[in-house]
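A short worksheet on the structure shown next.
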Amino acid sequence: MDRRYRKTIVAGNWKMNLTPSEAKKFAASLLPLNSVKYTHIALCVPAIDIPAVTKALKNSHLAVGAQNCHFEEKGAFTGEVSVPMLRDLNVKYVIIGHSERRQYFGETDETVNKKALAALAGGLRPIICVGETQEQRDAGVTEEVIKLQIKLAIKDMTPAQIRRITVAYEPIWAIGTGKTATPEDAEAVCKFIRATLRSFFGARVARSVSILYGGSMNEKNAKALMQQPDIDGGLIGGASLKADAFTAIVEASK
Ligand code: PGA
């Protein structure tokens, strides 16, 4: 992390866990984190939990995030949630292009780009996820894969918009598997992501973007990962559902 130029962010990704009443209780149990000043904390929760979590976090500076949005403002898109709907509930962040959405819900680089642009236009901060599969890593094409995902995700964005995005590097082989990238391997890719942004938008814009690592981050490995110069925090799945572990990860980002 490098706090001179960009924010440190620890975001929980609850995925499809916790009912609204469970979410309300769990969010309230995280309120002691309100005293943390060094890191921005966000809870990316199921859409249906957003009102309960917003209420539980009222008067705190823990932010609420969503895990997906549609790219149209409204219309005949049964089952979808729009950016204005999320904004109306005071949502600040939205995860875009998580590998589970790419894998199970047909999300493509093109929809990721459309959703990210819609989020920015509507006043949300997109957390854009990229990451390679084990096969791609083994074949030595990680950088090509990441570069293409980044390039397509940020298509048509202005420098001012790039300053408002967060990128999450989540190697697919590390998500929910207990296998974490080594700090050095994760740093190499996060540094490459920043270099890619620099090649399109210049050094000043690139250094202002927070790049998070995600994939089996826990209270034990968080510090070594977040100490890397180009890793500005974490996107935490499993460990974000345990108050102790999530708190320890936030503390490791000091
Ligand atoms: P994990 O999930 O921490 O459980 O590996 C991370 C993510 O999918 O965002």
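In each ligand, atom 1 is the first atom listed, and ligand 1 is the first ligand listed.
Within a 6.0 Å sphere centred on CD of Gln134, other residues, nucleotides and ligands contribute more than 12 heavy atoms.
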Could you pull out every N or O of ligand 1 that sits under 3.5 Å from a protein N or O, with the distance for each pair?
unit_1, atom_1, unit_2, atom_2, d
ligand 1, 2 (O), Lys15, NZ, 3.3
ligand 1, 3 (O), Ser216, N, 3.4
ligand 1, 3 (O), Gly237, N, 2.9
ligand 1, 4 (O), Gly238, N, 2.8
ligand 1, 5 (O), Gly176, N, 2.7
ligand 1, 5 (O), Ser216, N, 2.7
ligand 1, 8 (O), Lys15, NZ, 2.8
ligand 1, 8 (O), His98, NE2, 2.6
ligand 1, 9 (O), Asn13, ND2, 3.4
ligand 1, 9 (O), His98, NE2, 3.3
ligand 1, 9 (O), Glu170, OE1, 3.2
ligand 1, 9 (O), Glu170, OE2, 2.7

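The backbone N or O of Cys44 sits less than 3.5 Å from a side-chain atom of Gln67, completing a donor-acceptor pair.
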Checklist entry - Given Leu124 and Lys92, is the side chain to side chain contact (heavy atoms under 4.5 Å, CB included) satisfied, shown in steps? => result CA-CA 5 Å; Leu124 288 176; Lys92 186 168 173 191; 5.7 Å; no
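Applying the ring pair (Phe, Tyr, Trp, His ring centres under 6.0 Å) rule to Trp14 yields the partners Phe26; only residues at least two apart in sequence or on another chain are considered. Partners of Tyr169 by ring pair (Phe, Tyr, Trp, His ring centres under 6.0 Å), not counting sequence neighbours: none found. Among residues two or more places apart in sequence or in another chain, the ring pair (Phe, Tyr, Trp, His ring centres under 6.0 Å) test is passed with His70 by Phe77.
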